[in-house]
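Take a look at the structure set out below.
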Amino acid sequence: WYLSHPLDIFKVWQGGMSAHGGIIGSILAICAFARIKGKTFLDVADFVAPLVPLGLMFGRIGNFINGELWGRAAGADVPWAMIFKNSGTLVPRHPSQLYEAFLEGTLLFTVLWFSSKPRVAGAVGSLFCMGYGLVRFIVEYFREPDSYLGLGLFGLSRGQWLSLPVFLLGLVVWIWVHRRKSAEN
């Protein structure tokens with residue numbers, strides 16, 4: 001579709017926005033900023049990464065307030081389960097937006113903030129990718145998949161499949177920057 005209608009890629013008001021796409025856009029913006037300012041990509045990524053979780057947190061709180069991206073049905077043993085009117089049912093559900101706000105936001109921010117002391121260039125940015133990929137993968141077990149997508153191969157959601165390469169990218173960069181640093185010493 002996009003090959004024959006390339007301008008439709010920019011019609012974000014028709015859906016298709018995702019945190020994973022935001023990561024790709026952020027990487028492109030970091031590349032452009034680093035080039036313009038004469039900095040390395042890794043240095044800029046390390047500077048930006050600790051603040052990204054705060055944006056994710058406020059976005060997830062907005063999802064919660066709007067009653068969107070609700071969780072999967074919760075059992076009777078989940079006393080904090082909620083009914084989301086926009087879900088079209090009266091089934092109590094996990095408030096997965098709040099899980100994500102805490103894990104992608106508060107927890108990841110704390111980990112990155114305390115790891116942003118002088119480190120190997122690329123360590124903080126790669127830690128963000130690993131942390132986000134891991135947390136998002138886990139929270140997807142509590143989040144209702146998009147109705148038109150459902151669950152895919154191995155019972156994983158699209159969010160889980162998209163989180164795997166984010167985690168792996170972080171892991172590869174983490175290993176690469178630390179091996180490079182070891183080779184320099």
Could you check if a side-chain atom of [X] sits within less than 4.5 angstrom of a side-chain atom of [Y], using non-hydrogen atoms only?
| X | Y | answer |
| --- | --- | --- |
| R143 | R72 | no |
| L103 | L108 | no |
| I65 | I61 | yes |
| H94 | V78 | yes |
| V91 | W70 | no |
| P53 | L112 | yes |

Using 0.5 Å steps for rounding, measure from the [atom1] atom of [X] to the [atom2] atom of [Y].
| X | Y | atom1 | atom2 | result |
| --- | --- | --- | --- | --- |
| C31 | F41 | SG | CZ | 5.0 Å |
| L134 | L164 | CG | CG | 10.0 Å |
| E68 | F84 | CD | CZ | 10.5 Å |
| F167 | W174 | CZ | CH2 | 11.5 Å |
| R60 | Q97 | CZ | CD | 9.0 Å |
| L90 | I83 | CG | CD1 | 5.5 Å |

side-chain contact (heavy atoms from CB on, under 4.5 Å) partner of P50, chosen from V124, T110, L127: V124
For a quick test of reading the model, state the closest non-hydrogen atom pair linking [X] to [Y] and the distance between them.
| X | Y | value |
| --- | --- | --- |
| G122 | D46 | N-OD2, 2.6 Å |
| N86 | N66 | ND2-O, 3.1 Å |
| F137 | Q160 | O-NE2, 3.1 Å |
| G105 | M57 | CA-CB, 3.6 Å |
| L171 | M130 | N-CG, 3.4 Å |
| W80 | P95 | CD1-CD, 3.7 Å |

Say whether [X] and [Y] are linked into one hydrophobic cluster, either directly or through other cluster members, by side-chain heavy-atom distances under 4.5 angstrom.
| X | Y | value |
| --- | --- | --- |
| V135 | L98 | no |
| M82 | V139 | no |
| F109 | F64 | no |

R158 and E140 ion-paired at < 4.0 Å: no
Over 12 non-hydrogen atoms of neighbours within 6.0 angstrom of CZ in F47: no
L28, CG: over 12 other non-hydrogen atoms inside 6.0 angstrom: yes
Backbone of V172 reached by a side-chain donor or acceptor of S126 within 3.5 Å: no
E144 vs S87, side-chain contact (heavy atoms from CB on, under 4.5 Å): CA-CA, chis, key distance, verdict: CA-CA 10 Å; E144 184 73 26; S87 73; over 6 Å; no
Parallel, tilted or perpendicular: rings of W161 and F154 (30°, 60°): tilted
